[in-house]
Amino acid sequence: MTDLPIPVDADRFLADLHALRGFGATGTGKGVCRPAYSTADLAARDWLAGRMTEAGLAVQVDPVGSVFGLAEGRSLLVGSHSDSQLEGGWLDGALGVVAGLEIARAAREAGGPPVSCVSFQDEEGRFGVTTGSAVWSGHMPLERADTLRDADGQTMAEARAGLGDRVGGFVDPARFSGFLEMHIEQGPVLDSEGGQLAVVEAIVGLRNLTLTFHGLQNHAGTTPMRLRRDAFQGLALFTSRINERFRNVVTPATVWTIGHVSVHPNAHAVVPGRVTFTLQWRDGESFRLDRMEAIARETAAEVAAELGLDLETAPLLDLPPVPMDPRLRAALETGAEAEAPGRWRNLPSGALHDATNVAALMPVAMLFVPSIGGISHDFAEDTAEADLVCGLRALARAVAALG
């Protein structure tokens with residue numbers, strides 16, 4: 001294997017990755033609990049800022065809490081996020097952050113090219129969806145983000161207050177020529193097919209619709225079935241029909257989920273008077289997302305009319321598909337072939353990433369390494385260290401070529 005134009009240090013990279021795992025380490029195996037703005041998250045960001053400073057990078061923490069390690073002049077930006085799910089693994093996001101740090105550090109030691117790194121805040125959505133990069137990219141005004149609440153009712157403004165004097169201004173995106181993000185696949189394709197790397201073709205689009213059926217809350221023992229306006233039965237009928245109707249328009253890669261359900265009053269002896277639920281669907285084609293939205297709205301209205309329910313819908317979350325930049329993607333493909341000849345492939349990303357938002361500002365591309373068993377968002381999440389290093393080396397080759 002030829003020497004790398006940016007001589008990354010695999011041992012240093014792995015040591016930093018394991019050190020980051022120590023912030024919020026919990027559960028079994030390599031589990032991590034490091035939600036955005038938690039004590040563990042802020043400690044991890046302070047540690048990252050220290051490592052960036054030691055690497056000769058200028059540290060800037062933006063108003064949301066995203067931590068940038070900045071090279072002088074215009075540079076390529078490499079990174080991801082370091083917050084985690086409540087029951088998360090050690091690599092989701094953290095891999096891309098530490099890979100960015102190591103490449104920026106090694107490039108500086110080698111005399112170039114200039115590389116900056118970043119850990120975006122709240123990618124995992126304690127307060128929203130990819131919140132830190134959404135604010136930075138202009139998708140969401142900070143004033144609106146500050147009104148978002150977590151599951152316990154705390155606002156993001158209240159959580160942001162914990163940043164204290166760490167905060168500076170927003171980093172000017174014009175100083176970056178592009179963004180690369182390395183990530184675990186979070187799915188089973190590479191692991192099941194024996195692949196070592198994947199270059200992402202596009203990040204699929206996502207739509208999330210919150211619907212509420214309002215019925216009539218009443219006594220479960222004295223209300224005849226024929227006279228009920230049972231909101232939960234509306235959800236049951238909707239679920240059955242939406243599955244059947246989506247099958248006529250989707251592809252094998254399309255996914256949809258009813259992921260959150262709230263039943264009121266959620267009691268044994270009460271006919272449910274209100275059910276609120278989310279329907280989320282993902283696909284790589286905007287026209288198919290449109291068609292699925294129309295079907296969902298039509299089906300909900302139809303069910304409400306049949307069962308005598310009132311229907312309420314919240315504003316739609318709409319994130320369009322994001323194709324990867326051809327030039328950046330080609331550099332990753334060349335790097336992947338050099339490091340994993342014949343053992344890499346192109347793959348869509350079914351999960352959202354910060355690159356989705358950053359694409360509004362600059363060219364973006366992504367590289368995947370395998371997830372053992374396809375497991376992510378779980379304490380059992382893991383990847384072989386040889387695959388982590390392979391991804392780092394391929395990414396370093398791409399950065400050198402682009403630099």
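Scope of the values below: all heavy atoms of this structure, side chains included, with no hydrogens, waters or symmetry mates.
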Checklist entry - Under the side-chain hydrogen bond (donor to acceptor under 3.5 Å, both in side chains) test, which residues partner Thr131, sequence neighbours left out? => result Asp122
Checklist entry - Mind checking what makes salt bridge (Lys or Arg N to Asp or Glu O under 4.0 Å) contact with Glu302, not counting sequence neighbours? => result Arg241, Arg245
Checklist entry - Where is the tightest heavy-atom contact between Leu163 and Pro63, given as atom of each residue plus distance? => result CD1-O, 3.6 Å
Checklist entry - Among pairs that include at least one residue of residues 164-175, which meet side chain to side chain donor-acceptor pair (under 3.5 Å), considering only residues two or more places apart or in two chains? => result Asp46-Arg166
Checklist entry - Met182 and Leu388: which non-hydrogen atoms are nearest, and at how many Å? => result CE-O, 4.2 Å
Next on the checklist: Checking Leu352 against Leu206 for the side-chain contact (heavy atoms from CB on, under 4.5 Å) test, could you report, in this order, the C-alpha distance in whole Å, the side-chain angles of both residues, the deciding distance, and whether it holds?
Outcome noted: CA-CA 8 Å; Leu352 290 180; Leu206 176 152; 3.7 Å; yes
Checklist entry - Strictly by modelled atom types, are Asp354 and His81 linked by a side-chain donor-acceptor pair under 3.5 Å? => result no
Checklist entry - Is there a donor in the side chain of Glu185 and an acceptor in the side chain of Ser371, or the other way round, less than 3.5 Å apart? => result no
Checklist entry - Is there any salt bridge (charged side-chain N to carboxylate O under 4.0 Å, His left out) pair reaching into residues 267-283, and which pairs are they, with sequence neighbours excluded? => result Asp283-Arg288
Checklist entry - Taking only residues two or more places apart in sequence, or in another chain, which ones meet Gln85 in a side-chain hydrogen bond (donor to acceptor under 3.5 Å, both in side chains)? => result Glu124
Next on the checklist: Using every non-hydrogen atom in the two residues, find where Ala365 and Leu332 come nearest and quote the distance to one decimal.
Outcome noted: CB-CD1, 3.7 Å
Item to check | Those residues that, when tested against Ser349, pass side-chain hydrogen bond (donor to acceptor under 3.5 Å, both in side chains) (two or more places apart) | outcome: His353
Item to check | side-chain contact (heavy atoms from CB on, under 4.5 Å) assessment of Val64 paired with Phe120 | outcome: CA-CA 9 Å; Val64 181; Phe120 288 111; over 6 Å; no
Next on the checklist: With a 4.0 Å cut-off on N to O distance, would you call Arg12 and Glu102 a salt bridge?
Outcome noted: yes
Item to check | Contacts of Phe213 that satisfy ring pair (Phe, Tyr, Trp, His ring centres under 6.0 Å) - sequence neighbours left out | outcome: Phe277
Next on the checklist: Quick check: closest heavy atoms across Ala340 and Leu197, and the distance to 0.1 Å?
Outcome noted: CB-CD1, 4.0 Å
Determine all donor-acceptor pairs shorter than 3.5 Å in which one atom belongs to a side chain in residues 66-73; sequence neighbours excluded.
unit_1 : atom_1 : unit_2 : atom_2 : d
Ser66  : OG     : Gln121 : N      : 3.0

Item to check | For Asp387, salt bridge (Lys or Arg N to Asp or Glu O under 4.0 Å) partners two or more places apart | outcome: none
Item to check | Check ion pair Arg297-Glu293 (N to O, under 4.0 angstrom) | outcome: yes
Item to check | For Phe179, the option from Val78, Val118, Leu76, Leu361 that meets side-chain contact (heavy atoms from CB on, under 4.5 Å) | outcome: Val118
Next on the checklist: Please enumerate all residues that pass side-chain contact (heavy atoms from CB on, under 4.5 Å) together with Thr39, with sequence neighbours excluded.
Outcome noted: none
Checklist entry - Taking all non-hydrogen atoms of both residues, which atom of Ala44 and which atom of Leu20 are closest, and how far apart? => result CB-CD1, 3.7 Å
Item to check | Close aromatic pair by centroid cut-off 6.0 Å: Phe170 and Trp136 | outcome: no
N/O donor to acceptor pairs below 3.5 angstrom from side-chain atoms of residues 307-325, sequence neighbours left out:
unit_1 : atom_1 : unit_2 : atom_2 : d
Glu312 : OE1    : His214 : NE2    : 2.8
Asp318 : OD1    : Arg207 : NE     : 3.2
Asp325 : OD2    : Arg327 : N      : 3.1
Asp325 : OD2    : Leu328 : N      : 3.0

Checklist entry - Between Glu193 and Arg345, does at least one N-O distance fall below 4.0 Å, as a salt bridge requires? => result yes
Next on the checklist: Apply side-chain contact (heavy atoms from CB on, under 4.5 Å) to residues Asn346 and Arg329 and explain how you reach the verdict.
Outcome noted: CA-CA 10 Å; Asn346 293 117; Arg329 178 177 161 184; 3.5 Å; yes
Checklist entry - So, does Arg247 use its side chain to make a donor-acceptor pair with the main chain of Ile242 at under 3.5 Å? => result no
Item to check | side-chain contact (heavy atoms from CB on, under 4.5 Å) evaluation trace for Cys117 with Met52 | outcome: CA-CA 8 Å; Cys117 57; Met52 292 174 184; 3.8 Å; yes
Next on the checklist: I'd like to check the ring pair (Phe, Tyr, Trp, His ring centres under 6.0 Å) partners of His18; sequence neighbours left out, ordered by chain and number.
Outcome noted: Trp90
Item to check | Minimum heavy-atom distance Thr383-Val369, with the two atoms named | outcome: CG2-CG2, 4.2 Å
Item to check | Between Glu337 and Trp344: side-chain donor-acceptor atoms closer than 3.5 Å | outcome: yes
Checklist entry - Would you find a donor on one side and an acceptor on the other, under 3.5 Å apart, between the side chain of Asp191 and the backbone of Gly373? => result yes
Checklist entry - Taking atom CZ of Phe232 as the centre, does the number of heavy atoms from other residues, nucleotides or ligands within less than 6.0 Å exceed 12? => result no
Next on the checklist: Check whether Ser133 reaches the backbone of Asn357 with its side chain - one donor and one acceptor, N or O, closer than 3.5 Å.
Outcome noted: no
Checklist outcome for this item: In Asp83, Asp41, Asp150, Asp152, the residue satisfying salt bridge (Lys or Arg N to Asp or Glu O under 4.0 Å) with Arg126 is Asp150
Checklist entry - Is it true that a side-chain atom of Glu158 and a backbone atom of Thr155 form a donor plus acceptor pair closer than 3.5 Å? => result yes
